[in-house]
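Sequential numbering from 1 along the given sequence is applied to the chain's residues. In this text, all values refer to a predicted model and were calculated from it rather than measured experimentally. Computed over heavy atoms, backbone and side chain alike; hydrogens, waters and symmetry mates excluded. Remember, it's 1-based here, ligands and their atoms both numbered in the order they're listed.
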Amino acid sequence: MMNFEDPDPMGEFDVIRRFFSRKEFTPSKMRPDLETPQNVLLGIGDDCALLAPPPIGEVFAITSDMLIEGRHFFKDANPTLLGHKCLAVNLSDLAAMGAKPVAYTLSISLPEISPAWLEQFSSGLHTIADHYQCQLIGGDTTAGPLSISITAIGHVAPKQALSRHLAKVGDDIWLSGSVGDARLVLGLRRGEWQLDIPWQEKSFRMDAPIPRVELGLGLRGLAHAAIDVSDGLLGDLKHILNASHVGAIVWIDDIACSDLLKDVSVELRRLCTLRGGDDYELCFTAPRKNRELITILAEHLHLPLTRIGEIITPPDGQEIMQLLDRDHQPLPPDLTKQYLKSFDHFQ
Ligand code: ADP
Ligand code: MG
């Protein structure tokens, strides 16, 4: 769609040709776990892209995420990291479904055509796309306030999809990696709190999240339900509980966090680990009988996986989530209520 009013020296089609359409798709590394996609029959440059059907027995998994300047990222955000993050958050949704990435589209509105900005943005985007072998197959480019919308496509066998409604009473609740650093960094940048420690080295947790794609694939057949932690661990876990009509016990002081967060006050640590968003770890439920296989998977992926609670029958007339402290004693109800509030874009 053409609507740049004052044609810059470089127009819309030059932008697409120079920064987004690539002669060939160049996976940066050999990834035996993610075979080279042959699904894309026709990529950028026509009215539509053409995608072959997924392997027999699998279906497409499709997800969209939009990032708006001033809401999801700061005005002066590093363009390379921004390119990475836009795709990472979408790949994280595919991971949380156990889907293998195939392709994505990019719709972007730009306040101006800055070749330097576009060069960096597209390099961040293409690097992570190559790493996960996910090919850019089309999109839209228009003038407007900076906003970026990506739709990512993957595939998974429907029986292995880690849907939110599949948690079962008796399941363990697991969490990958550690959570809370992204929220800690956001608060430091916004001046919500000050810390006299070298927190800048944790900025990547907010700026360049790693989507847990390999974990999502490894959990096929092992886990029941999964969600990626984008809006806050407890709020996101609650989506699984509501969809599955179950309750949960969560040992909140067993949740893995970085050494940096171990050194802050209990209150700040809990705020960041329980309610902080943007970590993009996977929270999943799995039957107890799979504990050993999940531990082996963690070693294989060099990614710590921690048990943080259990799925229970929803308690009558109480919060569906019971939060237990370090000694596995229940927290006071008002504190539980406070911790259960998740980040809501319209609040
Ligand atoms: P149309 O007018 O048919 O919508 P466009 O002029 O918007 O086509 O786009 C031309 C081609 O470039 C299409 O194949 C479209 O998918 C692709 N394209 C446009 N913008 C982007 C982008 N930001 N990233 C990737 N491909 C894009
Ligand atoms: Mg268009």
Side-chain angles (χ1 to χ4, degrees), residues 1-28 34 36-54 60-73 75 77-94 99-155 208 211:
M1 198 185 294
M2 187 68 186
N3 65 4
F4 282 102
E5 277 165 6
D6 296 316
D8 290 71
M10 186 184 279
E12 178 199 2
F13 295 108
D14 299 314
V15 169
I16 298 166
R17 193 168 44 242
R18 181 161 160 201
F19 299 106
F20 298 130
S21 59
R22 303 158 81 202
K23 280 213 183 61
E24 54 191 84
F25 179 56
T26 50
S28 54
L34 306 166
T36 308
Q38 282 134 8
N39 316 54
V40 180
L41 305 179
L42 184 63
I44 294 174
D46 217 311
D47 297 315
C48 291
L50 299 178
L51 211 56
F60 283 125
I62 301 172
T63 181
S64 282
D65 257 312
M66 186 149 146
L67 279 83
I68 310 276
E69 184 181 82
R71 174 153 286 269
H72 303 100
F73 57 91
K75 203 173 168 56
N78 174 307
T80 311
L81 297 176
L82 184 61
H84 169 99
K85 184 164 178 174
C86 293
L87 185 54
V89 301
N90 280 277
L91 294 175
S92 174
D93 281 320
L94 291 183
K100 177 148 96 175
V102 174
Y104 71 103
T105 64
L106 165 72
S107 294
I108 185 164
S109 65
L110 297 163
E112 57 172 348
I113 295 179
S114 157
W117 190 93
L118 281 160
E119 184 70 52
Q120 292 176 60
F121 175 79
S122 59
S123 95
L125 196 63
H126 296 323
T127 303
I128 181 171
D130 288 356
H131 184 77
Y132 293 102
Q133 307 211 343
C134 189
Q135 186 173 344
L136 180 56
I137 56 168
D140 205 14
T141 307
T142 174
L146 182 58
S147 86
I148 302 146
S149 173
I150 285 182
T151 296
I153 303 161
H155 52 70

Do R18 and E119 pass the side-chain contact (heavy atoms from CB on, under 4.5 Å) test, and can you show the C-alpha distance, the side-chain angles, and the key distance before you say yes or no?
CA-CA 9 Å; R18 181 161 160 201; E119 184 70 52; 4.0 Å; yes
Scan the side chains in residues 82-90 for donor-acceptor partners under 3.5 Å anywhere in the protein, sequence neighbours excluded, and list what turns up.
unit_1: H84; atom_1: NE2; unit_2: P209; atom_2: O; d: 2.8
unit_1: K85; atom_1: NZ; unit_2: M206; atom_2: O; d: 2.9
unit_1: K85; atom_1: NZ; unit_2: D278; atom_2: OD2; d: 2.8
unit_1: N90; atom_1: OD1; unit_2: D65; atom_2: N; d: 3.1
unit_1: N90; atom_1: ND2; unit_2: C86; atom_2: O; d: 2.9

Chi angles and distances behind the side-chain contact (heavy atoms from CB on, under 4.5 Å) call for L136, Y104
CA-CA 5 Å; L136 180 56; Y104 71 103; 3.4 Å; yes
Scanning both residues in full, the closest heavy-atom pair of S122 with F20 reads CB-CE2, 4.1 Å
So, for P211 and S92, which heavy atoms are closest and what is the spacing to 0.1 Å?
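Smallest heavy-atom distance, with atoms named: CB-N, 3.7 Å.
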Contacting atoms of ligand 1, where contact means under 4.0 angstrom from a heavy atom of [X]:
| X | result |
| --- | --- |
| D47 | 3 (O) |
| T141 | 19 (C), 20 (N), 21 (C), 22 (C), 23 (N) |
| D46 | 13 (C), 14 (O) |
| F13 | 6 (O) |
| L106 | 22 (C), 23 (N), 24 (N) |

If you measure from atom 18 (N) of ligand 1 to every heavy atom of G45, S21, G139, S109, which option wins on shortest distance?
G139
Part of [X] within contact of ligand 1 (heavy atoms, under 4.0 Å):
| X | answer |
| --- | --- |
| I137 | neither |
| I16 | side chain |
| I108 | side chain |

For ligand 1, is there an N or O atom under 3.5 Å from any N or O atom of F20?
no
Does the H72 side chain pair with the main chain of I68, one donor and one acceptor, at a distance under 3.5 Å?
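Such a contact is found between H72 side chain and I68 backbone.
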To the nearest 0.5 Å, how far apart are CG in L67 and CD1 in I108?
10.5 Å
